[in-house]
Amino acid sequence: MSERREELVERALGYFLKHGLAGLSLRPLAGQIGSSARLLVYHFGSKDGLIAAVMDEVRTRTQRSFAASAAQASKGARNGVMRSFWAWITHPANLPYMRLLFEVQVLALQNPAVYARYLEGASSSWLELIESSLPPSKSNRATATLCAAVVDGLLLEYLSTGDRRRTTGALDLFSKMMQDRERKA
């Protein structure tokens with residue numbers, strides 16, 4: 001990626017994190033990030049191309065950060081991978097990324113012809129990261145899917161209500177249930 005293109009992705013990402021994607025128009029975006037609509041089209045082909053490039057960057061950053069969080073948790077974090085990831089995901093610096101990912105997911109459900117491609121591979125790559133942090137088992141894919149769904153639901157609840165204590169308590173309960181299940185298996 002050219003240096004100018006990388007700079008535009010970085011600036012557009014900052015704009016998306018602050019304003020979201022709903023009703024996005026290239027001219028106002030370009031004005032806010034110190035560019036022109038024409039230059040954005042030159043570098044990205046279209047508004048959709050720009051969104052795809054930015055969402056690829058979001059996915060790369062968040063998954064890299066999750067992998068680091070999981071690695072740290074596997075080195076002896078008291079509460080394990082789930083709690084470590086929850087602490088990372090609910091950190092105020094990371095919440096704008098989570099809001100943006102949820103927004104794109106909902107937009108893809110409402111308008112798959114336009115937005116579904118931004119989710120391509122997102123679910124499977126997250127599942128692979130979660131699965132790699134689990135102890136070996138035949139049911140790892142299903143367990144990873146369950147863990148992802150629980151975190152998604154609790155995060156949506158947290159973003160909606162701001163009640164970190166309650167959602168963290170629910171995550172701790174889920175983690176305990178998973179640990180109890182592993183001990184019985």
Would you tabulate the side-chain donor-acceptor contacts of residues 104-112 under 3.5 Å, counting partners in other chains and residues two or more places apart, or write 'none'?
none

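Side-chain contact between Leu8 and Ser35 is present, with heavy atoms from C-beta onward closer than 4.5 Å. Using a 4.5 Å heavy-atom cutoff, the side chains of Ile51 and Phe44 are not in contact. Considering only heavy atoms from C-beta on, Glu128 comes within 4.5 Å of Arg141 through its side chain. Side-chain atoms of Leu95 and Leu155, non-hydrogen and from C-beta on, do get closer than 4.5 Å to each other. Under the 4.5 Å side-chain criterion, counting only non-hydrogen atoms from C-beta, Glu6 is not in contact with Val9. The closest side-chain heavy-atom distance from Phe174 to Cys147 is below 4.5 Å. No side-chain heavy atom of Trp86 sits less than 4.5 Å from a side-chain heavy atom of Asp172. Between Thr62 and Ile89 there is no side-chain heavy-atom pair separated by less than 4.5 Å.
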Handout entry: Asp163 and Tyr158: CA distance, side-chain angles, deciding distance, side chain to side chain contact (heavy atoms under 4.5 Å, CB included) verdict
Key = CA-CA 6 Å; Asp163 192 339; Tyr158 173 61; 5.6 Å; no
Review point. Going through the distances and angles, do Leu101 and Met55 end up as a side chain to side chain contact (heavy atoms under 4.5 Å, CB included)?
Key: CA-CA 8 Å; Leu101 287 168; Met55 293 312 297; 3.8 Å; yes
If you apply the rule side chain to side chain contact (heavy atoms under 4.5 Å, CB included), what do you find for Arg166 with Thr161, and how did you get there? CA-CA 10 Å; Arg166 183 173 52 81; Thr161 66; 3.5 Å; yes
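A donor-acceptor contact shorter than 3.5 Å is absent between the side chain of Thr168 and the backbone of Arg165. Panel note: side chain Lys47, backbone Leu24; a donor-acceptor pair is recorded below 3.5 Å. In this structure, the side chain of Ser139 does not engage the main chain of Ala142 through any donor-acceptor pair within 3.5 Å. Panel note: side chain Glu157, backbone Thr167; no donor-acceptor pair is recorded below 3.5 Å.
In this structure, Leu100 and Leu17 approach most closely via the heavy-atom pair CD2-CD2, 4.0 Å. Minimum interatomic distance between Leu146 and Met178 (heavy atoms only, all atoms of both residues): CD2-SD, 4.2 Å. Contact between Gly20 and Glu103 at its shortest, heavy atoms only, is CA-OE1, 3.1 Å. For the residue pair Asn94 and Trp88, the shortest heavy atom distance occurs at ND2-O, 2.6 Å. In terms of heavy-atom proximity, Pro92 sits nearest to Pro96 at O-CD, 3.4 Å. Counting all heavy atoms, side chain and backbone alike, Ala30 lies closest to Ser36 at CB-C, 3.4 Å.
Cluster annotation: Val151 and Leu127 are assigned to distinct hydrophobic clusters (Ile/Leu/Val/Met/Phe/Trp/Tyr, side-chain heavy-atom contacts under 4.5 Å, transitive).
Rounded to the nearest 0.5 Å, atoms CG (Leu40) and CZ (Arg27) are 11.0 Å apart. Rounding to the nearest 0.5 angstrom, the gap separating the CG atom in Leu156 from the CE atom in Met98 is 13.0 Å. One finds the CG atom of Leu159 at 11.5 Å from the CZ atom of Arg164 (value rounded to the nearest 0.5 Å).
Ion pairing of Asp180 with Lys176 is present here, as a side-chain N (NZ or NE/NH1/NH2) and a carboxylate O approach within less than 4.0 Å.
Every side-chain contact (heavy atoms from CB on, under 4.5 Å) that Glu7 has, sequence neighbours left out, goes to Arg4, Arg11. Take Pro28 and apply the side-chain contact (heavy atoms from CB on, under 4.5 Å) test, not counting sequence neighbours, and it matches Ser25.
A tilted orientation is assigned to the rings of His19 and Tyr15, their planes being inclined by 30° to 60°.
Arg61 and Tyr97 are linked by a side-chain donor-acceptor pair at a separation below 3.5 angstrom, with hydrogens and angles left out of the test.
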